[in-house]
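Written below as structure tokens is the structure these notes are about.
Just so it is clear, the structure is predicted and the values come from calculations on it, not from any experiment. Excluded from the calculations below are hydrogen atoms, water molecules and symmetry mates; all remaining heavy atoms, backbone and side chain alike, are included. When a residue number appears, it is its place in the shown sequence, counting from 1.
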Amino acid sequence: MNRPAETLTMPNVIECINPATGERLGEVPVDDVAAVRDKIARARAAQQVWAQTSFATRRAVLRDLLDHILDHADDICRDICADAGKTLENAMMGEIWPVAEKLRWTIRNGERYLRDERVSPGLFLHKKARIEYHPLGVIGVIAPWNYPFQNIMGPIIPALMAGNACVVKVSEAVAWSSERFGKLLRDTFAAHDLPEDLVIIVQGYAETGRAVITEGSDLIVFTGSMPNGRKIIEASAERLVPVILELGGKDPMIICDDADLDEAVHTAMSGVFIACGQNCLAAERILVMDGIYDAFVERVSEMARNLRQGPPLAGQTVDVGAIVSARQVEIIDELVQDAIARGARVLAGGQRPTDSAGQFYPPTVLADVTDEMRIMHEETFGPVMVIRRVADDEDAIRVANAIDYGLASSVFSRDLKRARRIARQIQAGATCINDFGFTYMAQELPFGGVKGSGFGRLNGREGLRAMTNRKAVLDDRIPLHQPVKLFPVSDQTYDEAHALIDLIYRRGLRAKVGALARMVRARFGGGS
Ligand code: NAD
């Protein structure tokens, strides 16, 4: 795939290529700024209808969407694999499964977290206070390529449940499959006599993505790289559009000297090589303590050397597939070669193939990685296990926190107290203890990062509510129509207010009685 990540003059079509074989899949027209504006307007019209629907209707639509996905799961997986070069197993486990779980969770819990919520009125005992969760309107989703199906569905499920419509600017690298996923959504809406424009796919490069921000969306959910996250904020400043940024990661996996070796080895292999490493939650830095270092390195190196790689749809089972873009292969290789030049030991892979029609990078293990190597702090987004030796818990925590990213993390130890103590000190949006990545599947948990990994949360209660205007409403409990008559301000107003504040907040009966007396004097004469 040789498609520009950002272009000054937009090509008007996207050439779609299977990255594992080089086969041409087709082409997709690019949306220019006017087309994006038009799509946002259409989505807004559809949203007006959708916003009037009950939670029961929204649940029914999402339930049918889930059925539709389950009925077409094989086709969806094959389309994902053709477009992104990933394995069928990863498409089923990493795309269909989390989307199905998110739908199940949202259908079950959406109303609970989105209906009006009574809260305390504080001092105003004669009033009732509640939070109302109103839809924002049109949610502009800007998605990356690594999970072509899930990256689209992840934000739109809570957005729809909360009464919004969506325009989804998909990645230019997976334009082909997203056209199919758009149709699946339109078919579901049509079956309920709802407007098909509730979710509209937008195709193009950076300029098209920018138009999603500048041409009328009410909230932007951007998932992508840290440098582009900065550009999203710049564009959103023009109209003050709120943004949720789900950016990259360089997640640490800490393996303590008392960890279960077998568990740590297998989980590290998944954490690094799932989706050929093109995973925002990838275990990009394996921090292994002295006592277990050599045994761990030996086991993972042998396993990595035996991984089978190739085109996923060619008839043979493979462990890892392709890299979605030629540029990404270059980035991975640059980081690997820099590490090797600075003394990292290559125990598997480490050389890009020259004889393949597709875009591959071999499963690679680098041991004895040190902090001055770029691969310790720059996102690899590829099948590279980066192993750094750490002395003890404190050293592991220091190294884990020493970079600009903070998406997720994991800790392995048989001593749960120790693992929890380490976990609490890692600066990240999530930590899995003796596991990897499953915080994402536990949909009740929020998902998002800190530091350069972004801000805002998807998933769970917070993810649903992020798609709403959380409106504060104060209402009558007892219709006591006694307005606060502030104007005209009297000579006693200041003293009376001061006494009232003392009455409420001073400690001790004596102080309160004194404040009450001052209040009475201020109100009924006699001065302070
Ligand atoms: P990317 O930043 O290059 O592109 C993401 C999307 O933004 C694409 O649709 C692209 O066309 C669009 N875009 C690029 N420049 C833009 C601009 N100036 N204005 C508006 N839109 C613009 O990311 P990518 O290479 O597609 O994906 C890989 C990155 O995404 C990695 O950094 C990865 O960690 C991150 N990611 C994060 C998560 C998460 O949930 N935190 C999930 C998946 C991927």
Side-chain angles (χ1 to χ4, degrees), residues 36-66 99 102-103 105-107 109-117 131-143 150-170 181-182 184-186 188-190 192 194-202 211-223 232 236 239-246 443 447-448 456-471:
V36 174
R37 193 182 309 133
D38 175 59
K39 286 187 170 181
I40 293 174
R42 278 165 42 203
R44 191 171 300 290
Q47 193 268 337
Q48 314 276 308
V49 177
W50 181 241
Q52 304 308 318
T53 56
S54 64
F55 284 119
T57 300
R58 293 179 202 168
R59 267 197 302 273
V61 172
L62 293 183
R63 181 63 245 185
D64 281 359
L65 178 60
L66 176 52
V99 168
K102 184 161 213 151
L103 279 162
W105 183 88
T106 306
I107 291 161
N109 299 290
E111 181 172 357
R112 175 151 67 104
Y113 293 134
L114 291 171
R115 67 180 168 223
D116 296 356
E117 188 186 3
I131 307 169
E132 295 175 354
Y133 298 97
H134 294 274
L136 286 169
V138 178
I139 310 295
V141 175
I142 304 178
Q150 205 212 138
N151 288 334
I152 297 177
M153 303 301 290
I156 71 171
I157 294 166
L160 287 172
M161 190 67 199
N164 301 287
C166 296
V167 288
V168 187
K169 154 65 180 84
V170 296
F181 306 148
L184 185 136
L185 286 155
R186 287 195 299 278
T188 308
F189 300 138
H192 284 261
L194 286 162
E196 293 187 359
D197 289 342
L198 268 177
V199 176
I200 308 185
I201 300 293
V202 172
V212 170
I213 305 166
T214 56
E215 301 307 307
S217 299
D218 300 297
L219 167 75
I220 298 299
V221 180
F222 174 78
T223 309
I232 300 305
S236 69
R239 288 181 47 247
L240 290 179
V241 193
V243 294
I244 294 174
L245 294 185
E246 299 291 353
Q443 286 284 320
F447 173 75
R457 292 293 180 265
L458 297 178
N459 288 6
R461 183 182 55 191
E462 289 173 60
L464 273 173
R465 291 179 175 174
M467 306 287 173
T468 64
N469 168 18
R470 285 140 276 181
K471 189 174 184 186

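- Closest approach of N151 to V141, counting heavy atoms only: O-CG1, 4.3 Å.
- How far OG1 of T106 is from CG of N459: 8.5 Å, rounded to the nearest 0.5 Å.
- For the pair R239 (side chain) and S217 (backbone), a donor-acceptor distance under 3.5 Å is present.
- In terms of heavy atoms, I213 sits closest to I232 at CD1-CD1, 3.7 Å.
- Annotation: side chain to side chain contact (heavy atoms under 4.5 Å, CB included) contacts of A51 (sequence neighbours excluded): Q47, P135.
- Taking both residues in full, the closest heavy atoms of F189 and E196 are given as CD1-O, 3.9 Å, listed atom of the first, atom of the second, then distance.
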- [ ] Show your reasoning for whether side chain to side chain contact (heavy atoms under 4.5 Å, CB included) applies to L184 and L65.
- [x] CA-CA 8 Å; L184 185 136; L65 178 60; 3.7 Å; yes

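- Scanning for side chain to side chain donor-acceptor pair (under 3.5 Å) contacts around R115 gives an empty result, with sequence neighbours left out.
- Applying the salt bridge (charged side-chain N to carboxylate O under 4.0 Å, His left out) definition to pairs two or more places apart or across chains, those involving residues 46-63 are R59-E111, R63-D67.
- Atom-to-atom distance recorded for L136:CG and N469:CG is 6.5 Å, nearest 0.5 angstrom.
- Of all heavy-atom pairs spanning V212 and G140, the tightest one is CG1-CA, 3.7 Å.
- Of all heavy-atom pairs between M161 and L62, the closest is SD-CD1, 3.7 Å.
- Qualifying side chain to side chain contact (heavy atoms under 4.5 Å, CB included) partners for T223, counting only residues two or more places apart in sequence or in other chains: P144, E246.
- Put simply, NZ on K169 and CZ on F222 are 9.0 Å apart, with the number rounded to the nearest 0.5 Å.
- Applying the salt bridge (charged side-chain N to carboxylate O under 4.0 Å, His left out) test to every pair with at least one member in residues 40-54, sequence neighbours left out, gives these pairs: D38-R42, R42-D197, R44-D218.
- Listed by chain and residue number, nothing satisfies the salt bridge (charged side-chain N to carboxylate O under 4.0 Å, His left out) test with D64 (two or more places apart in sequence, or in another chain).
- Between N109 and Q443 there is no side-chain heavy-atom pair separated by less than 4.5 Å.
- Residues meeting the salt bridge (charged side-chain N to carboxylate O under 4.0 Å, His left out) test with K39, sequence neighbours left out: D31.
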Open item on the list: Working note: T468 + E132, criterion side chain to side chain contact (heavy atoms under 4.5 Å, CB included); need CA distance, chi angles, decisive distance, verdict.
Closed with: CA-CA 9 Å; T468 64; E132 295 175 354; over 6 Å; no

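- Remark: W50 pairs with no residue by the side chain to side chain donor-acceptor pair (under 3.5 Å) rule, at least two apart or across chains.
- Separating the NE2 atom in H134 from the CG atom in D116 is a distance of 7.0 Å, to the nearest 0.5 Å.
- For R112, there are no salt bridge (charged side-chain N to carboxylate O under 4.0 Å, His left out) partners at least two apart in sequence or on another chain.
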TODO: Give the intermediate values and the outcome of side chain to side chain contact (heavy atoms under 4.5 Å, CB included) for residues W105 and L464.
DONE: CA-CA 11 Å; W105 183 88; L464 273 173; 3.7 Å; yes

Task: Candidate pair I156 and L185, rule side chain to side chain contact (heavy atoms under 4.5 Å, CB included), full reasoning - done: CA-CA 10 Å; I156 71 171; L185 286 155; 3.7 Å; yes

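- Every residue two or more places apart in sequence or in another chain was checked for a side chain to side chain donor-acceptor pair (under 3.5 Å) with N164, and none qualifies.
- V61 is not listed as a side-chain neighbour of L160, based on a closest heavy-atom distance of 4.5 Å or more.
- Side-chain contact between M467 and L458 is present, with at least one heavy-atom pair separated by less than 4.5 Å.
- Not counting sequence neighbours, the partners of A43 by the side chain to side chain contact (heavy atoms under 4.5 Å, CB included) test are V138, A165, V167, I200.
- Listed by first and then second residue, the salt bridge (charged side-chain N to carboxylate O under 4.0 Å, His left out) pairs involving residues 456-469 are E117-R465 (not counting sequence neighbours).
- Nearest heavy atom pair, residue T188 against residue H192, reads O-CD2, 3.4 Å.
- A 4.5 Å side-chain heavy-atom check between I157 and V99 finds at least one atom pair inside the cut-off.
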